[in-house]
Student: 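Attaching a single structure in structure tokens format; questions to follow.
Quantities reported herein were computed from a predicted structural model and do not represent experimental measurements.
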Amino acid sequence: MPSWGVVSTVDEPAPLVAAFVAHHLAAGAREVHVFCDRPNPEAEALLADVEGAYIHHSGEDGWERGWRKKRPARHQGRQKYNATRILNETKLDWLVHCDADEYVRLERPLEWELEKTGPQKAWIRFEVDERCFLDEAPGATIFEGAFRRKWDGFEKEGLLFYGTRKRFLNRGVGGHVAGKPIVRSGHGYAIGVHFPLSHWDSKVNDLPYRPSYNARLLHFDGLTPLHYILKMLRRATTKVKGEPVPYVGPRTAQFSEAAERADDPEGLRDLWWQVQGVRDYEAAELEEHGLLTRPNVSIVGEVSALFGDKVDLSPAAFDRALIAHEADLIARLGDAFGFDPTPLMSA
């Protein structure tokens, strides 16, 4: 049967990195390659003895395959570099490229689908299910909630359904709808963020593919309200060569609104709920139309099976780890906006 693995460039607290590895190993990945985009000793210590987990550091090869051998300024460039490197070095048959907050969910073993995929397909796309919250109060773990799916009629119907919250949503979800790829190895392809490329310098989706009928991607776009807000404020303040990094309109609206409310904890929590919260009556209607699902998410059990009690996935513990991991970012946001994370921490 075909073998597969996962590669990700990460800059997240250790509990999330551990969960990412545990889940994909449990799902059948032969290898999980994690590139720390900056030092993460807590994550490295957790994963040091895990069979199938491979810890790397962005730039550990001197960026020898890159233009002028320089660290790419944008994190998307570093993601592409790291994923492409593993795709070209691996002995696996297929490689998934996704983020540490994205989890492949399977109906049947992935090997079964890969075996049935003809050689004319260079890659398979995993469509996205994005986690939403059904309650403003924190759940028992960071993986609680339901999942919204892409809404094809959103531009016509979204305003009536969501009101002014529509401006924050992209076809019914807060993040991306492009999906993520699993790509054949051994053909000299490069891997971008959402799809592979026929060669490094290509910028177009020019390789034959099909959507998966067996796997989807669970996207946890912010594991807690604080995690989401820090993600938005980081992007609101990130510039490359003096210019903001471009994103689609609804995502930019989220960044801009977070920056406007940065010194107002209640305003920030309200923004999180506007973007990621779903009211009971909304959930019922979305579910009726196949736009909301409530899958059995086994990540917590998988983490426990691999790490025992070494990893605490409660929202409060995660936020404490997040505060430590993002100390420099939080200090910069405090100076720039008067941002204080403490009122947003989960209790």
Student: Just checking, any donor-acceptor pair under 3.5 angstrom between side chains of N214 and S212?
Tutor: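 There is no such pair (donor and acceptor under 3.5 Å, judged by atom type) between the side chains of N214 and S212.
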Student: Is it true that D99 and K180 make a salt bridge, defined as a side-chain N closer than 4.0 Å to a carboxylate O?
Tutor: yes
Student: Can you name the nearest heavy-atom pair linking Y213 to E113, along with the distance?
Tutor: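 Nearest pair, atom of Y213 first, then E113: N-OE2, 3.3 Å.
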Student: Distance under 6.0 Å and angle within 45° of the ring axis: does K156 meet both against W151?
Tutor: no
Student: Step by step, work out the ring pair (Phe, Tyr, Trp, His ring centres under 6.0 Å) result for H227 and F318.
Tutor: CA-CA 9 Å; H227 192 223; F318 181 82; 5.2 Å; yes
Student: Please check this pair: side chain of R171 against backbone of H176, looking for a donor-acceptor N/O pair closer than 3.5 Å.
Tutor: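 No: the side chain of R171 does not pair with the backbone of H176.
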Student: Working to the nearest 0.5 angstrom, can you tell me the gap between R167 CZ and Y162 OH?
Tutor: 14.5 Å
Student: Within the side chain of S256, is there an N or O that forms a donor-acceptor pair under 3.5 Å with the backbone of T252?
Tutor: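 The answer is yes, because a donor-acceptor pair under 3.5 Å joins these two groups.
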Student: Have Q274 and D270 got a donor and an acceptor in their side chains that come within less than 3.5 Å?
Tutor: yes
Student: Side chains of Y103 and D129: any donor to acceptor distance under 3.5 Å?
Tutor: no
Student: Please list all pairs meeting salt bridge (charged side-chain N to carboxylate O under 4.0 Å, His left out) that have one or both residues in residues 217-228, counting only residues at least two apart or in different chains.
Tutor: D221-K231, D221-R251
Student: Would the distance check show the side chain of S304 and the main-chain N or O of V300 forming a donor-acceptor pair, the cut-off being under 3.5 Å?
Tutor: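 No.
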Student: Which label fits W123 and Y209: parallel for a plane angle under 30°, tilted from 30 to 60°, or perpendicular past 60°?
Tutor: parallel
Student: Start with the C-alpha distance between H33 and S8, add both sets of side-chain angles, then the distance that settles side-chain contact (heavy atoms from CB on, under 4.5 Å), and finish with yes or no.
Tutor: CA-CA 6 Å; H33 292 264; S8 185; over 6 Å; no
Student: May I ask you to decide if E144's main-chain N or O and R131's side chain share a donor-acceptor pair within less than 3.5 Å?
Tutor: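 Present.
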